[in-house]
Amino acid sequence: MMSILEQRQIIESAFLPLQCRCSIEAGDTVAIQIRSPEDGQVLLDVAGIERSELSSSRSISQLVLSLRHQLGNPGQSMGQPQRASSFV
């Protein structure tokens, strides 16, 4: 499995120029918060991603694609913490 530093770097850089913060929570789960670079408004806040689900470049790419889809979907409730589904 990749180190958390590698996982964070890949995820956070995938959303540039948006501000993305990836952190580890209790139970070895990942939380991702994406903010607008202009005003700092929270665009997406997702928690509960099992770190074990991010064990490969492919699984991280699937997560990024899913989160980008959520960012582009105006029907999503932005700014509300969400529980991530499986991405593998």
Side-chain angles (χ1 to χ4, degrees):
M1 179 184 287
M2 287 185 220
S3 74
I4 187 57
L5 294 176
E6 291 172 309
Q7 290 170 334
R8 282 182 58 191
Q9 195 277 329
I10 293 168
I11 293 168
E12 290 176 354
S13 64
F15 290 98
L16 290 172
L18 299 174
Q19 297 172 347
C20 179
R21 182 166 183 256
C22 182
S23 59
I24 299 296
E25 297 182 325
D28 211 26
T29 61
V30 177
I32 298 172
Q33 187 175 77
I34 301 172
R35 294 178 173 264
S36 167
E38 292 85 25
D39 58 10
Q41 176 185 358
V42 175
L43 302 174
L44 187 66
D45 193 7
V46 181
I49 303 166
E50 294 293 328
R51 188 166 167 246
S52 61
E53 293 180 15
L54 305 175
S55 60
S56 68
S57 296
R58 182 176 182 196
S59 61
I60 293 173
S61 295
Q62 289 173 333
L63 169 65
V64 168
L65 183 62
S66 175
L67 295 178
R68 284 184 180 170
H69 177 74
Q70 290 179 38
L71 278 170
N73 185 350
Q76 284 284 33
S77 57
M78 297 298 179
Q80 297 294 322
Q82 301 173 7
R83 173 97 169 103
S85 57
S86 178
F87 297 99
V88 182

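Each residue takes its place number in the sequence, starting with 1.
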Engineer: Quick check on side-chain contact (heavy atoms from CB on, under 4.5 Å): which of V42, L44, V46 does I34 satisfy it with?
Structural biologist: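 One option only clears the test, and that one is L44.
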Engineer: Please report, to 0.1 Å, the donor-acceptor pairs under 3.5 Å made by any side chain of residues 8-18, with sequence neighbours excluded.
Structural biologist:
residue	atom	partner	partner atom	Å
R8	NE	C22	O	3.1
E12	OE2	C22	N	2.9
S13	OG	Q9	O	2.8
S13	OG	I10	O	3.2

Engineer: Working note: L63 + V30, criterion side chain to side chain contact (heavy atoms under 4.5 Å, CB included); need CA distance, chi angles, decisive distance, verdict.
Structural biologist: CA-CA 12 Å; L63 169 65; V30 177; over 6 Å; no
Engineer: Search all heavy atoms of S55 against all heavy atoms of Q7 and return the closest pair with its distance.
Structural biologist: N-NE2, 4.4 Å
Engineer: How long is the span from the CG atom in L71 to the NE2 atom in H69, to the nearest 0.5 Å?
Structural biologist: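 Going from CG on L71 over to NE2 on H69, the span is 10.5 Å.
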Engineer: Would you give the length of the straight line joining atom OG of S61 to atom CZ of R68, rounded to the nearest 0.5 angstrom?
Structural biologist: 9.0 Å
Engineer: List in chain and number order the residues that pass side chain to side chain contact (heavy atoms under 4.5 Å, CB included) with S57, two or more places apart in sequence or in another chain; answer none if no residue qualifies.
Structural biologist: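 Side chain to side chain contact (heavy atoms under 4.5 Å, CB included) list for S57, sorted by chain: M2.
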Engineer: Looking at CZ of R51 and CD1 of I24, how far apart are the two atoms once the value is rounded to the nearest 0.5 Å?
Structural biologist: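 The CD1 atom of I24 is 5.5 Å from CZ of R51, to the nearest 0.5 Å.
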Engineer: So, taking the atom named CG in L54 and the one named CD in E6, what distance separates them when rounded to the nearest 0.5 Å?
Structural biologist: 12.5 Å
Engineer: Looking only at non-hydrogen atoms, find the nearest pair between E25 and G48 and report the distance.
Structural biologist: OE1-N, 4.0 Å
Engineer: Provide the full list of side chain to side chain donor-acceptor pair (under 3.5 Å) pairs with a residue in residues 35-44, sequence neighbours left out, each pair given once.
Structural biologist: Q33-R35, S36-E38, S36-D39
